[in-house]
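Below is one structure, written out as structure tokens; the observations come after it.
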Amino acid sequence: MTEGTTSAAEGADTLTRLEQEGEIAADYLEGLLDIADLDGDIDMDVEADRASVSIISDASGRDLQKLVGRDGEVLEALQELTRLAVHRETGDRSRLMLDIAGYRAKKRAELSELGAKAAAEVKSTGEPVKLKPMSPFERKVVHDAVKSAGLRSESEGEEPQRFVVVLPA
């Protein structure tokens, strides 16, 4: 077996494993929606080497906002519970990402813009910029935006007060 074939087989195994995580998560979340008597469709995908599951609604999505909570707190808790459900079934730690009613997608766009603006400020002033404390997901999005702007960034502080510092090149 050649090295390229091994790599392709490993990639297929990873994709299969991530799709299985998505299926387990979808089953868990469908049960949750039934218990809560909420309407929503579940969409599964694999993005950036992790399973991604979204709950979307044809209606206004106001009911699903209950599952997002203030500042995404309920969404974060549901994501952890869903990861635990996947772990229970597979025995492997899951990095699954959950989005509800487009909350995380909207947040990602806002944070990418914040990272780009902070990078532009650092480029113009030459001084580091400290941002407000953020969750690990939020910091990752900002780090990616800063990197794509050609600068570097670091996380500082202790949870839950950990924040991003954008640094000059």
Side-chain angles (χ1 to χ4, degrees), residues 3-4 6-19 21-22 25 29 42-57 61 64-87 90 92-169:
E3 189 174 310
T6 302
S7 180
E10 288 173 2
D13 288 346
T14 299
L15 181 61
T16 301
R17 182 181 52 79
L18 293 174
E19 288 172 343
E21 282 187 21
L29 292 166
I42 297 179
D43 183 35
M44 296 176 296
D45 201 359
V46 174
E47 299 173 1
D49 293 332
R50 57 170 63 184
S52 174
V53 178
S54 299
I55 301 175
I56 53 178
S57 176
L64 290 182
Q65 290 303 317
K66 296 173 187 173
L67 298 179
V68 173
R70 190 186 70 200
D71 297 328
E73 290 174 340
V74 177
L75 171 59
E76 290 291 333
L78 288 173
Q79 177 175 276
E80 286 306 310
L81 289 171
T82 305
R83 287 176 174 177
L84 287 172
V86 170
H87 176 74
T90 65
D92 295 324
R93 182 177 175 274
S94 174
R95 295 177 51 234
L96 175 130
M97 289 296 292
L98 175 62
D99 191 7
I100 300 174
Y103 175 83
R104 207 176 286 276
K106 180 181 170 194
K107 190 75 168 172
R108 180 177 282 123
E110 291 170 359
L111 291 165
S112 291
E113 185 177 326
L114 174 67
K117 284 181 179 178
E121 182 180 337
V122 169
K123 283 180 180 178
S124 71
T125 66
E127 296 293 320
V129 171
K130 292 181 181 181
L131 301 175
K132 67 178 179 58
M134 299 178 192
S135 71
F137 161 75
E138 294 169 330
R139 290 193 311 270
K140 170 77 169 102
V141 173
V142 171
H143 285 305
D144 290 347
V146 169
K147 183 177 181 181
S148 71
L151 293 180
R152 62 188 184 92
S153 57
E154 297 175 351
S155 291
E156 293 183 4
E158 297 294 323
E159 293 292 352
Q161 296 299 313
R162 201 153 165 78
F163 59 94
V164 174
V165 178
V166 182
L167 303 163

**Prompt:** Please walk me through it: do Glu113 and Lys117 pass salt bridge (charged side-chain N to carboxylate O under 4.0 Å, His left out)?
**Reply:** CA-CA 6 Å; Glu113 185 177 326; Lys117 284 181 179 178; 3.2 Å; yes
**Request:** Taking the side chain as every heavy atom from C-beta outward, state whether Pro168 and Leu151 have any pair of such atoms under 4.5 Å apart.
**Result:** no
**Fill in**
Between the CD atom in Glu19 and the OG1 atom in Thr14, the distance rounded to the nearest 0.5 Å is 11.0 Å
**Complete:** Rounded to the nearest 0.5 Å, the NZ atom of Lys130 sits from the CD atom of Glu156 at a distance of 6.0 Å
**Asked** If we only count heavy atoms from C-beta on, is the Arg17 to Asp92 side-chain gap below 4.5 Å?
**Response** yes
**Asked** With a cut-off of 6.0 Å (strictly less than), are more than 12 heavy atoms of other residues, nucleotides or ligands near NZ of Lys147?
**Response** no
**Item:** Distance (rounded to the nearest 0.5 Å) between Leu96 CG and Met44 CE
**Value:** 11.0 Å
**Within 6.0 angstrom of Asp13 CG, more than 12 heavy atoms from elsewhere** = yes
**Message:** How close do Ala116 and Ala145 get, counting heavy atoms only, and between which atoms?
**Reply:** N-CB, 4.2 Å
**Request:** Please report the shortest heavy-atom distance between Tyr103 and Leu75, naming the atom on each side.
**Result:** CD2-CD2, 3.5 Å
**Asked** Would you say Leu29 and Leu98 make side-chain contact, with heavy atoms under 4.5 Å?
**Response** yes
**Request:** To the nearest 0.5 angstrom, please state how far the NZ atom of Lys140 sits from the CZ atom of Arg108.
**Result:** 9.5 Å
**Request:** Heavy atoms only: give me the nearest Leu167-Pro128 pair and the separation to one decimal.
**Result:** CD2-CB, 4.0 Å
**Fill in**
Looking only at heavy atoms, the pair that brings Ala149 and Lys123 closest together is O-NZ, 2.6 Å
**Asked** At their closest point, which heavy atom of Val166 faces which heavy atom of Ala118, and how far apart are they?
**Response** CG2-CB, 3.8 Å
**Request:** Spell out, as yes or no, whether a donor-acceptor pair under 3.5 Å connects the side chain of Arg162 to the backbone of Pro136.
**Result:** no
**Request:** Walk me through it: do Ser94 and His87 pass the test side chain to side chain donor-acceptor pair (under 3.5 Å)?
**Result:** CA-CA 6 Å; Ser94 174; His87 176 74; over 6 Å; no
**Residues His143, Ser155; criterion side-chain contact (heavy atoms from CB on, under 4.5 Å); working and verdict** = CA-CA 9 Å; His143 285 305; Ser155 291; 2.8 Å; yes
**Request:** Kindly determine whether Leu131 and Val142 satisfy side-chain contact (heavy atoms from CB on, under 4.5 Å), including the steps that lead there.
**Result:** CA-CA 10 Å; Leu131 301 175; Val142 171; 3.7 Å; yes
**Asked** Taking everything shown except Glu158 itself, do over 12 heavy atoms lie less than 6.0 Å from its CD?
**Response** no
**Message:** With rounding to the nearest 0.5 angstrom, report the CD to CG distance, Glu138 to Leu114.
**Reply:** 9.5 Å
**Request:** May I ask you to test the Leu18-Glu21 pair for a side-chain heavy-atom distance under 4.5 Å?
**Result:** yes
**Prompt:** Out of curiosity, Ile100 CD1 to Gln79 CD, how far, rounded to the nearest 0.5 Å?
**Reply:** 9.0 Å
**Message:** Any heavy-atom pair between the side chains of Glu76 and Arg104 that's under 4.5 Å?
**Reply:** yes
**Request:** For Leu111 and Phe137, work out which heavy atoms get closest and say how close.
**Result:** CD1-CE2, 4.4 Å
**Request:** With the side chain counted from C-beta on, respond yes when Met97 and Arg83 share a heavy-atom pair under 4.5 Å apart, and no when they do not.
**Result:** yes
